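Below you'll find the structure, written out as C-alpha coordinates, and then a few comments.
Computed from a predicted structure; not experimentally measured. Order of listing sets the numbers, starting from 1, for every ligand and every atom in it.
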Amino acid sequence: MQSVRPFLAIMSLAVILPWSAAQADNPIIQTRFTADPAPFVHDGVVYLYASHDEDDADGFKMLDWRLYSSTDMVNWTDRGVVASLKTFPWAVQSNDAWAPQVIERDGKFYLYAPISVAGSPKNVIAVAVADRPEGPFKDAIGKPLIAPGNGYIDPTVWIDNDGQAYLYWGNPSLWYVKLNKDMVSYSGEIQKVAQPADYQEGPWFYKRAGHYYMAYASTCCPEGIGYAMSKGPTGPWVHKGKLMDPSPRSTGNHPGIVDYKGKSYLFGFHYELNFDMTPIHHERRAINVTSFTYNADGTIPKQPWWDTKGAAQIAPVDPYSRVEAETIAWTSRIKRDRDRPYDWAPGVLTEAGDAGGMIVTRTTNRSYIKVAGVDFGTDGARTFVAKVANALPGAQIELRVDGLTGPVIGTLAVGTTGAAGHWQEQSTLVAGATGVRDLFILFKGKGDDERSLLDFDYWRFAR
Ligand code: FUB
(Lines give C-alpha, C1' and ligand atoms only; values in the text may rest on other atoms or scores of the structure.)
Protein backbone atom coordinates (compact mmCIF):
# COMPACT_ATOMS: atom_id res chain seq x y z
CA MET A 1 0.00 0.00 0.00
CA GLN A 2 2.76 2.48 -0.82
CA SER A 3 0.34 4.80 -2.56
CA VAL A 4 -1.64 5.19 0.64
CA ARG A 5 1.20 6.67 2.67
CA PRO A 6 1.26 10.20 1.24
CA PHE A 7 -2.32 10.54 2.32
CA LEU A 8 -2.04 9.54 5.94
CA ALA A 9 -2.22 13.11 7.16
CA ILE A 10 -5.39 13.70 5.15
CA MET A 11 -6.72 10.38 6.35
CA SER A 12 -6.36 11.29 10.02
CA LEU A 13 -8.30 14.47 9.35
CA ALA A 14 -10.95 12.48 7.52
CA VAL A 15 -11.84 10.31 10.48
CA ILE A 16 -12.91 13.22 12.65
CA LEU A 17 -15.32 14.52 10.03
CA PRO A 18 -18.97 13.40 10.08
CA TRP A 19 -19.89 10.45 7.93
CA SER A 20 -21.94 11.02 4.87
CA ALA A 21 -24.71 8.80 3.63
CA ALA A 22 -23.90 5.40 2.19
CA GLN A 23 -22.29 5.42 -1.23
CA ALA A 24 -24.00 4.03 -4.25
CA ASP A 25 -22.74 0.88 -5.84
CA ASN A 26 -20.58 1.76 -8.87
CA PRO A 27 -17.70 1.00 -9.09
CA ILE A 28 -18.61 -2.46 -7.91
CA ILE A 29 -15.23 -3.36 -6.39
CA GLN A 30 -13.69 -0.84 -4.01
CA THR A 31 -11.17 -2.92 -2.07
CA ARG A 32 -8.73 -3.16 -4.99
CA PHE A 33 -8.20 -1.57 -8.37
CA THR A 34 -9.69 -3.81 -11.05
CA ALA A 35 -9.94 -3.57 -14.84
CA ASP A 36 -10.77 -5.54 -17.98
CA PRO A 37 -13.96 -7.20 -16.70
CA ALA A 38 -14.63 -10.68 -18.03
CA PRO A 39 -18.02 -11.81 -16.69
CA PHE A 40 -18.95 -15.47 -17.00
CA VAL A 41 -22.23 -17.06 -15.91
CA HIS A 42 -22.08 -20.61 -14.59
CA ASP A 43 -24.49 -22.59 -12.40
CA GLY A 44 -26.55 -19.53 -11.44
CA VAL A 45 -23.56 -17.42 -10.42
CA VAL A 46 -21.93 -14.47 -12.19
CA TYR A 47 -18.19 -14.91 -12.02
CA LEU A 48 -16.32 -11.73 -12.75
CA TYR A 49 -12.71 -12.30 -13.76
CA ALA A 50 -10.65 -9.14 -13.70
CA SER A 51 -7.21 -7.88 -14.26
CA HIS A 52 -5.78 -6.08 -11.27
CA ASP A 53 -3.90 -2.79 -11.01
CA GLU A 54 -1.53 -2.79 -8.05
CA ASP A 55 -2.16 -0.14 -5.41
CA ASP A 56 1.13 1.58 -6.19
CA ALA A 57 0.73 1.46 -9.97
CA ASP A 58 1.65 4.48 -12.02
CA GLY A 59 1.63 2.96 -15.50
CA PHE A 60 0.34 -0.59 -15.95
CA LYS A 61 1.50 -2.68 -13.00
CA MET A 62 -0.45 -5.91 -13.30
CA LEU A 63 0.73 -9.15 -11.75
CA ASP A 64 -2.32 -11.37 -11.36
CA TRP A 65 -5.95 -12.01 -12.22
CA ARG A 66 -8.67 -11.90 -9.58
CA LEU A 67 -12.17 -13.30 -9.34
CA TYR A 68 -15.33 -11.84 -7.82
CA SER A 69 -18.77 -13.45 -7.82
CA SER A 70 -22.34 -12.39 -7.26
CA THR A 71 -25.85 -13.77 -7.34
CA ASP A 72 -27.55 -10.38 -7.12
CA MET A 73 -25.36 -8.03 -9.22
CA VAL A 74 -24.89 -5.67 -6.27
CA ASN A 75 -23.07 -7.58 -3.53
CA TRP A 76 -19.78 -9.01 -4.83
CA THR A 77 -17.71 -11.65 -3.08
CA ASP A 78 -13.94 -11.56 -3.47
CA ARG A 79 -12.78 -15.05 -4.50
CA GLY A 80 -9.13 -14.09 -4.56
CA VAL A 81 -6.33 -14.54 -7.07
CA VAL A 82 -7.08 -17.29 -9.61
CA ALA A 83 -3.87 -17.04 -11.64
CA SER A 84 -0.82 -14.83 -11.90
CA LEU A 85 2.25 -14.30 -14.03
CA LYS A 86 3.84 -17.07 -11.94
CA THR A 87 1.29 -19.46 -13.45
CA PHE A 88 3.30 -19.07 -16.65
CA PRO A 89 6.94 -19.35 -15.52
CA TRP A 90 8.19 -19.08 -19.11
CA ALA A 91 6.70 -15.58 -19.42
CA VAL A 92 8.42 -12.33 -18.58
CA GLN A 93 7.56 -11.76 -14.92
CA SER A 94 6.95 -8.05 -15.36
CA ASN A 95 3.70 -6.11 -15.23
CA ASP A 96 1.76 -7.51 -18.16
CA ALA A 97 -1.07 -9.61 -16.68
CA TRP A 98 -3.57 -7.94 -18.96
CA ALA A 99 -7.19 -8.58 -20.01
CA PRO A 100 -8.30 -12.24 -19.50
CA GLN A 101 -11.39 -14.24 -20.34
CA VAL A 102 -12.65 -17.60 -19.03
CA ILE A 103 -14.95 -20.14 -20.67
CA GLU A 104 -16.14 -23.62 -19.73
CA ARG A 105 -16.04 -26.70 -21.92
CA ASP A 106 -16.79 -30.28 -20.88
CA GLY A 107 -16.45 -29.48 -17.20
CA LYS A 108 -13.09 -27.70 -17.49
CA PHE A 109 -12.54 -23.97 -17.23
CA TYR A 110 -10.10 -22.28 -19.60
CA LEU A 111 -8.49 -18.93 -18.88
CA TYR A 112 -7.00 -17.06 -21.84
CA ALA A 113 -4.66 -14.24 -20.94
CA PRO A 114 -2.29 -11.87 -22.73
CA ILE A 115 1.24 -11.81 -21.28
CA SER A 116 4.75 -11.09 -22.54
CA VAL A 117 7.79 -13.13 -23.44
CA ALA A 118 11.38 -12.00 -23.88
CA GLY A 119 12.34 -10.56 -27.26
CA SER A 120 10.39 -8.72 -29.87
CA PRO A 121 7.54 -8.98 -30.61
CA LYS A 122 6.69 -9.83 -27.04
CA ASN A 123 2.88 -10.19 -26.88
CA VAL A 124 1.56 -13.73 -26.57
CA ILE A 125 -1.66 -15.35 -25.44
CA ALA A 126 -1.45 -18.03 -22.78
CA VAL A 127 -4.04 -20.56 -21.67
CA ALA A 128 -4.56 -22.05 -18.22
CA VAL A 129 -7.05 -24.66 -17.09
CA ALA A 130 -8.95 -25.39 -13.88
CA ASP A 131 -11.53 -27.85 -12.61
CA ARG A 132 -13.63 -25.11 -11.03
CA PRO A 133 -14.37 -21.47 -11.87
CA GLU A 134 -12.53 -20.44 -8.70
CA GLY A 135 -9.37 -22.13 -9.94
CA PRO A 136 -6.56 -22.53 -9.22
CA PHE A 137 -5.76 -22.27 -12.92
CA LYS A 138 -2.68 -24.16 -14.11
CA ASP A 139 -0.60 -23.51 -17.20
CA ALA A 140 -2.20 -25.79 -19.81
CA ILE A 141 0.58 -26.28 -22.36
CA GLY A 142 3.82 -24.83 -20.95
CA LYS A 143 4.22 -22.34 -23.78
CA PRO A 144 2.16 -19.65 -25.53
CA LEU A 145 -1.04 -20.75 -27.24
CA ILE A 146 -0.65 -17.85 -29.66
CA ALA A 147 3.04 -17.22 -30.45
CA PRO A 148 4.46 -13.69 -30.27
CA GLY A 149 2.98 -10.95 -32.40
CA ASN A 150 2.74 -7.19 -32.10
CA GLY A 151 -0.59 -6.29 -30.54
CA TYR A 152 -1.45 -9.84 -29.57
CA ILE A 153 -3.42 -8.90 -26.47
CA ASP A 154 -6.98 -9.08 -25.10
CA PRO A 155 -8.24 -12.59 -26.00
CA THR A 156 -11.98 -13.23 -26.18
CA VAL A 157 -13.49 -16.66 -26.68
CA TRP A 158 -16.87 -18.12 -27.66
CA ILE A 159 -18.11 -21.60 -28.50
CA ASP A 160 -20.63 -21.57 -31.34
CA ASN A 161 -23.73 -23.79 -31.48
CA ASP A 162 -21.93 -26.28 -33.72
CA GLY A 163 -19.21 -26.72 -31.10
CA GLN A 164 -16.58 -24.71 -32.95
CA ALA A 165 -14.72 -22.40 -30.56
CA TYR A 166 -13.23 -19.11 -31.76
CA LEU A 167 -10.53 -17.05 -30.11
CA TYR A 168 -10.32 -13.40 -31.17
CA TRP A 169 -7.78 -10.85 -29.95
CA GLY A 170 -5.80 -7.77 -30.87
CA ASN A 171 -4.86 -4.11 -30.65
CA PRO A 172 -5.21 -2.28 -32.99
CA SER A 173 -5.86 -5.11 -35.45
CA LEU A 174 -8.32 -7.94 -34.89
CA TRP A 175 -7.31 -11.58 -35.39
CA TYR A 176 -8.90 -14.95 -34.72
CA VAL A 177 -8.18 -18.67 -34.77
CA LYS A 178 -10.44 -21.70 -34.61
CA LEU A 179 -9.69 -23.51 -31.39
CA ASN A 180 -9.67 -27.28 -31.32
CA LYS A 181 -12.02 -29.13 -29.03
CA ASP A 182 -9.28 -29.41 -26.43
CA MET A 183 -9.40 -25.58 -26.15
CA VAL A 184 -5.61 -25.47 -25.79
CA SER A 185 -4.61 -25.78 -29.45
CA TYR A 186 -5.92 -24.51 -32.77
CA SER A 187 -6.22 -25.53 -36.39
CA GLY A 188 -5.55 -23.46 -39.48
CA GLU A 189 -3.78 -20.16 -39.83
CA ILE A 190 -4.25 -17.05 -37.73
CA GLN A 191 -6.75 -14.90 -39.59
CA LYS A 192 -6.78 -11.13 -39.60
CA VAL A 193 -10.28 -9.71 -40.16
CA ALA A 194 -11.38 -6.34 -41.47
CA GLN A 195 -11.88 -4.68 -38.15
CA PRO A 196 -14.99 -2.65 -37.55
CA ALA A 197 -14.83 1.15 -37.56
CA ASP A 198 -13.56 2.71 -34.36
CA TYR A 199 -11.94 -0.54 -33.20
CA GLN A 200 -9.04 -0.20 -30.79
CA GLU A 201 -8.72 -3.19 -28.43
CA GLY A 202 -10.52 -5.25 -25.80
CA PRO A 203 -12.77 -7.31 -28.11
CA TRP A 204 -15.71 -9.12 -26.51
CA PHE A 205 -17.12 -11.77 -28.85
CA TYR A 206 -20.41 -13.60 -28.33
CA LYS A 207 -23.58 -14.83 -29.98
CA ARG A 208 -27.09 -14.05 -28.83
CA ALA A 209 -30.47 -14.76 -30.41
CA GLY A 210 -28.88 -15.60 -33.76
CA HIS A 211 -26.70 -12.49 -33.94
CA TYR A 212 -22.93 -12.44 -33.54
CA TYR A 213 -21.51 -9.49 -31.59
CA MET A 214 -18.10 -7.92 -31.29
CA ALA A 215 -17.96 -5.22 -28.64
CA TYR A 216 -14.66 -3.42 -28.09
CA ALA A 217 -12.87 -0.46 -26.63
CA SER A 218 -13.25 2.21 -29.27
CA THR A 219 -10.50 4.37 -30.64
CA CYS A 220 -8.00 5.51 -28.07
CA CYS A 221 -7.84 7.93 -26.22
CA PRO A 222 -10.14 8.36 -24.37
CA GLU A 223 -11.83 5.07 -25.14
CA GLY A 224 -15.55 4.53 -25.28
CA ILE A 225 -17.17 1.23 -26.15
CA GLY A 226 -18.14 0.41 -29.73
CA TYR A 227 -19.74 -2.65 -31.20
CA ALA A 228 -20.27 -4.50 -34.45
CA MET A 229 -22.57 -7.31 -35.52
CA SER A 230 -22.25 -10.11 -38.02
CA LYS A 231 -24.28 -12.95 -39.50
CA GLY A 232 -21.42 -15.38 -38.91
CA PRO A 233 -18.66 -15.98 -36.39
CA THR A 234 -15.88 -14.73 -38.64
CA GLY A 235 -17.52 -11.56 -39.97
CA PRO A 236 -17.82 -9.42 -41.93
CA TRP A 237 -18.23 -7.20 -38.90
CA VAL A 238 -20.62 -4.32 -39.42
CA HIS A 239 -20.08 -1.36 -37.13
CA LYS A 240 -23.27 -0.52 -35.23
CA GLY A 241 -22.13 2.50 -33.29
CA LYS A 242 -21.20 3.23 -29.72
CA LEU A 243 -22.42 1.37 -26.67
CA MET A 244 -20.91 4.17 -24.63
CA ASP A 245 -19.28 7.45 -25.56
CA PRO A 246 -15.83 8.06 -24.10
CA SER A 247 -15.29 10.33 -21.13
CA PRO A 248 -12.35 12.72 -20.94
CA ARG A 249 -11.83 11.53 -17.34
CA SER A 250 -11.06 7.97 -18.45
CA THR A 251 -8.34 7.13 -20.94
CA GLY A 252 -9.48 3.51 -21.20
CA ASN A 253 -12.52 1.28 -21.16
CA HIS A 254 -13.09 -2.40 -21.83
CA PRO A 255 -16.41 -4.20 -22.38
CA GLY A 256 -17.67 -7.45 -20.91
CA ILE A 257 -21.28 -8.43 -21.67
CA VAL A 258 -23.48 -11.19 -20.27
CA ASP A 259 -27.09 -12.15 -19.75
CA TYR A 260 -27.95 -13.18 -16.21
CA LYS A 261 -31.33 -14.11 -14.74
CA GLY A 262 -33.21 -12.53 -17.64
CA LYS A 263 -31.32 -9.25 -17.81
CA SER A 264 -28.39 -8.05 -19.89
CA TYR A 265 -25.34 -6.41 -18.37
CA LEU A 266 -22.48 -4.32 -19.69
CA PHE A 267 -19.30 -4.12 -17.63
CA GLY A 268 -16.41 -1.74 -18.16
CA PHE A 269 -14.14 0.48 -16.11
CA HIS A 270 -13.26 4.00 -15.20
CA TYR A 271 -10.62 5.76 -13.07
CA GLU A 272 -12.80 7.44 -10.45
CA LEU A 273 -11.49 5.32 -7.57
CA ASN A 274 -8.01 6.63 -8.39
CA PHE A 275 -9.28 10.18 -8.72
CA ASP A 276 -11.08 9.84 -5.41
CA MET A 277 -7.64 9.49 -3.85
CA THR A 278 -5.49 11.80 -5.93
CA PRO A 279 -5.83 14.26 -8.81
CA ILE A 280 -2.96 12.46 -10.56
CA HIS A 281 -3.79 9.92 -13.25
CA HIS A 282 -2.38 6.48 -12.50
CA GLU A 283 -3.30 3.24 -14.23
CA ARG A 284 -5.56 2.33 -11.30
CA ARG A 285 -8.98 1.45 -12.60
CA ALA A 286 -12.31 0.35 -11.21
CA ILE A 287 -14.92 -1.96 -12.76
CA ASN A 288 -18.47 -0.72 -13.27
CA VAL A 289 -21.67 -2.35 -14.45
CA THR A 290 -24.96 -1.25 -15.93
CA SER A 291 -27.99 -3.17 -17.16
CA PHE A 292 -29.50 -2.66 -20.59
CA THR A 293 -32.17 -4.05 -22.90
CA TYR A 294 -31.50 -5.16 -26.48
CA ASN A 295 -33.61 -3.60 -29.20
CA ALA A 296 -35.96 -5.92 -31.11
CA ASP A 297 -33.51 -6.12 -34.04
CA GLY A 298 -30.66 -7.15 -31.74
CA THR A 299 -28.95 -3.78 -31.71
CA ILE A 300 -27.98 -2.26 -28.37
CA PRO A 301 -29.02 1.20 -27.22
CA LYS A 302 -26.18 3.51 -26.30
CA GLN A 303 -25.60 3.66 -22.55
CA PRO A 304 -24.65 6.77 -20.59
CA TRP A 305 -21.18 6.96 -19.04
CA TRP A 306 -20.89 4.95 -15.81
CA ASP A 307 -22.91 6.49 -13.05
CA THR A 308 -22.78 5.74 -9.33
CA LYS A 309 -25.99 3.71 -9.39
CA GLY A 310 -24.77 0.48 -10.90
CA ALA A 311 -27.28 -2.27 -11.57
CA ALA A 312 -30.38 -2.99 -9.55
CA GLN A 313 -30.23 -5.83 -7.07
CA ILE A 314 -32.00 -8.88 -8.44
CA ALA A 315 -32.35 -10.97 -5.28
CA PRO A 316 -32.06 -10.14 -1.59
CA VAL A 317 -29.37 -11.57 0.65
CA ASP A 318 -30.40 -14.38 3.02
CA PRO A 319 -28.87 -13.39 6.38
CA TYR A 320 -29.81 -16.71 7.97
CA SER A 321 -27.22 -18.56 5.91
CA ARG A 322 -23.50 -17.98 6.26
CA VAL A 323 -22.44 -14.85 4.37
CA GLU A 324 -18.77 -14.42 3.64
CA ALA A 325 -17.43 -11.22 5.19
CA GLU A 326 -15.83 -10.38 1.84
CA THR A 327 -19.31 -10.03 0.29
CA ILE A 328 -19.55 -6.31 -0.19
CA ALA A 329 -21.79 -3.81 -1.99
CA TRP A 330 -19.74 -0.85 -0.83
CA THR A 331 -16.93 -0.22 1.57
CA SER A 332 -15.22 2.81 2.95
CA ARG A 333 -11.97 2.46 1.04
CA ILE A 334 -12.57 5.63 -0.86
CA LYS A 335 -13.69 9.11 0.09
CA ARG A 336 -16.86 9.35 2.06
CA ASP A 337 -18.25 12.37 0.32
CA ARG A 338 -17.92 12.85 -3.41
CA ASP A 339 -18.18 16.62 -2.95
CA ARG A 340 -15.16 16.66 -0.69
CA PRO A 341 -12.29 15.36 -2.81
CA TYR A 342 -9.45 13.41 -1.26
CA ASP A 343 -11.28 12.95 2.02
CA TRP A 344 -10.84 9.25 2.32
CA ALA A 345 -9.70 6.44 4.55
CA PRO A 346 -8.04 3.15 3.63
CA GLY A 347 -10.93 1.01 4.88
CA VAL A 348 -11.26 -2.73 4.78
CA LEU A 349 -9.16 -5.05 2.70
CA THR A 350 -10.02 -8.54 1.47
CA GLU A 351 -7.23 -11.07 1.31
CA ALA A 352 -6.50 -14.79 1.53
CA GLY A 353 -6.57 -15.97 5.13
CA ASP A 354 -4.18 -18.53 6.58
CA ALA A 355 -6.73 -21.30 6.04
CA GLY A 356 -6.92 -20.56 2.31
CA GLY A 357 -10.34 -18.85 2.14
CA MET A 358 -10.79 -15.11 1.85
CA ILE A 359 -11.19 -12.88 4.88
CA VAL A 360 -11.74 -9.20 5.62
CA THR A 361 -8.90 -7.41 7.38
CA ARG A 362 -7.67 -3.83 7.81
CA THR A 363 -10.87 -3.20 9.73
CA THR A 364 -9.68 0.21 10.88
CA ASN A 365 -11.64 2.28 13.36
CA ARG A 366 -14.90 3.48 11.68
CA SER A 367 -14.37 1.53 8.48
CA TYR A 368 -17.41 -0.36 7.34
CA ILE A 369 -18.98 -2.83 4.92
CA LYS A 370 -22.35 -2.23 3.29
CA VAL A 371 -24.29 -5.33 2.30
CA ALA A 372 -27.25 -4.26 0.17
CA GLY A 373 -30.77 -5.66 0.38
CA VAL A 374 -30.65 -8.09 3.29
CA ASP A 375 -33.97 -9.83 3.84
CA PHE A 376 -34.52 -10.23 7.60
CA GLY A 377 -38.14 -11.34 7.08
CA THR A 378 -41.23 -10.20 8.94
CA ASP A 379 -40.33 -11.55 12.34
CA GLY A 380 -36.77 -10.36 12.10
CA ALA A 381 -33.48 -11.49 13.51
CA ARG A 382 -32.64 -12.03 17.19
CA THR A 383 -28.96 -12.93 17.08
CA PHE A 384 -25.89 -11.95 15.07
CA VAL A 385 -22.97 -14.33 14.78
CA ALA A 386 -19.54 -13.40 13.43
CA LYS A 387 -16.40 -15.47 13.00
CA VAL A 388 -13.49 -13.30 14.05
CA ALA A 389 -9.81 -13.48 14.92
CA ASN A 390 -6.92 -11.24 15.93
CA ALA A 391 -9.17 -8.78 17.76
CA LEU A 392 -7.70 -5.82 19.60
CA PRO A 393 -9.09 -5.23 23.11
CA GLY A 394 -12.25 -3.14 22.89
CA ALA A 395 -12.96 -3.92 19.25
CA GLN A 396 -16.64 -3.75 18.34
CA ILE A 397 -18.80 -4.64 15.39
CA GLU A 398 -21.72 -2.21 15.26
CA LEU A 399 -24.68 -3.18 13.10
CA ARG A 400 -26.86 -0.55 11.51
CA VAL A 401 -29.56 -0.69 8.88
CA ASP A 402 -30.56 1.76 6.13
CA GLY A 403 -27.40 3.86 6.33
CA LEU A 404 -24.27 4.67 8.29
CA THR A 405 -26.36 6.80 10.61
CA GLY A 406 -29.38 4.49 10.48
CA PRO A 407 -30.77 2.59 13.48
CA VAL A 408 -28.35 0.44 15.44
CA ILE A 409 -29.72 -3.10 15.58
CA GLY A 410 -26.95 -4.51 17.73
CA THR A 411 -23.34 -4.25 18.78
CA LEU A 412 -20.98 -7.15 19.13
CA ALA A 413 -18.39 -6.31 21.77
CA VAL A 414 -15.74 -8.64 20.46
CA GLY A 415 -14.03 -10.39 23.31
CA THR A 416 -10.55 -11.74 23.31
CA THR A 417 -9.92 -14.05 20.39
CA GLY A 418 -6.87 -15.70 21.91
CA ALA A 419 -3.69 -16.53 20.08
CA ALA A 420 -2.93 -14.95 16.72
CA GLY A 421 -4.78 -16.71 13.95
CA HIS A 422 -7.23 -18.42 16.31
CA TRP A 423 -10.73 -18.02 14.85
CA GLN A 424 -13.91 -18.20 16.86
CA GLU A 425 -17.60 -17.46 16.48
CA GLN A 426 -18.93 -14.72 18.72
CA SER A 427 -22.54 -13.55 18.95
CA THR A 428 -24.80 -10.83 20.26
CA LEU A 429 -28.53 -10.17 20.50
CA VAL A 430 -30.05 -7.83 17.91
CA ALA A 431 -33.39 -6.02 17.66
CA GLY A 432 -35.16 -4.06 14.96
CA ALA A 433 -33.85 -6.03 12.00
CA THR A 434 -36.97 -6.77 9.96
CA GLY A 435 -37.83 -6.57 6.28
CA VAL A 436 -35.36 -6.00 3.45
CA ARG A 437 -32.72 -3.53 4.61
CA ASP A 438 -29.24 -2.42 3.67
CA LEU A 439 -26.94 -3.69 6.41
CA PHE A 440 -23.94 -1.66 7.55
CA ILE A 441 -21.27 -3.55 9.47
CA LEU A 442 -19.10 -0.96 11.20
CA PHE A 443 -15.80 -1.58 12.94
CA LYS A 444 -15.10 0.50 15.99
CA GLY A 445 -12.38 0.55 18.59
CA LYS A 446 -9.47 2.33 20.06
CA GLY A 447 -6.90 1.18 17.55
CA ASP A 448 -5.08 3.86 15.65
CA ASP A 449 -6.53 4.61 12.28
CA GLU A 450 -4.22 2.28 10.39
CA ARG A 451 -4.56 -0.74 12.64
CA SER A 452 -6.92 -3.59 11.91
CA LEU A 453 -9.29 -4.03 14.85
CA LEU A 454 -10.06 -7.61 13.96
CA ASP A 455 -10.09 -10.10 11.11
CA PHE A 456 -13.49 -11.23 9.90
CA ASP A 457 -14.33 -14.47 8.11
CA TYR A 458 -18.13 -14.70 7.90
CA TRP A 459 -21.38 -13.67 9.56
CA ARG A 460 -24.98 -14.82 9.86
CA PHE A 461 -28.10 -13.92 11.79
CA ALA A 462 -30.45 -16.28 13.62
CA ARG A 463 -34.16 -15.88 14.31
O1 FUB B 1 -5.41 -3.63 -18.75
C2 FUB B 1 -4.33 -3.63 -19.64
C3 FUB B 1 -4.80 -3.26 -21.01
O4 FUB B 1 -5.48 -2.03 -20.97
C5 FUB B 1 -5.82 -4.21 -21.58
O6 FUB B 1 -5.27 -5.37 -22.08
C7 FUB B 1 -6.47 -3.33 -22.58
O8 FUB B 1 -7.69 -3.79 -23.06
C9 FUB B 1 -6.63 -2.07 -21.78
O10 FUB B 1 -7.75 -2.15 -20.94
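Without hydrogens or angle criteria, Tyr227 side chain to Ile300 main chain gives a donor-acceptor distance under 3.5 Å. With Gln313 contributing its side chain and Val74 its backbone, the two residues share no donor-acceptor pair below 3.5 Å. Asn274 places a side-chain N or O within donor-acceptor distance of the main-chain N or O of Ile280, the cut-off being under 3.5 Å.
At under 3.5 Å, a nitrogen or oxygen of Asp154, whether backbone or side chain, sits near a nitrogen or oxygen of ligand 1. In terms of N/O distances under 3.5 Å, ligand 1 is approached by His254.
By the 4.0 Å heavy-atom criterion, Met62 is counted among the residues contacting ligand 1. Proximity of Glu223 to ligand 1 is not established, as no heavy-atom distance is less than 4.0 Å.
Listed by atom number, the atoms of ligand 1 under 4.0 Å from Phe269 heavy atoms are 10 (O).
Comment: Lys309 does not engage Asp25 in a salt bridge, judged by the lack of any side-chain N to carboxylate O separation of less than 4.0 angstrom. Between Lys181 and Asp106, none of the side-chain N atoms (NZ, or NE/NH1/NH2) sits under 4.0 Å from a carboxylate O, so this pair counts as no salt bridge.
For the residue pair Asn180 / Ser185, a side-chain donor-acceptor distance below 3.5 Å is found, with atom types taken as modelled.
Here Ala99 has heavy atoms under 4.0 Å from ligand 1 in both its backbone and its side chain.
With hydrogens left out, the protein atom closest to atom 1 (O) of ligand 1 is Asp36 OD2, 2.4 Å, a heavy atom.
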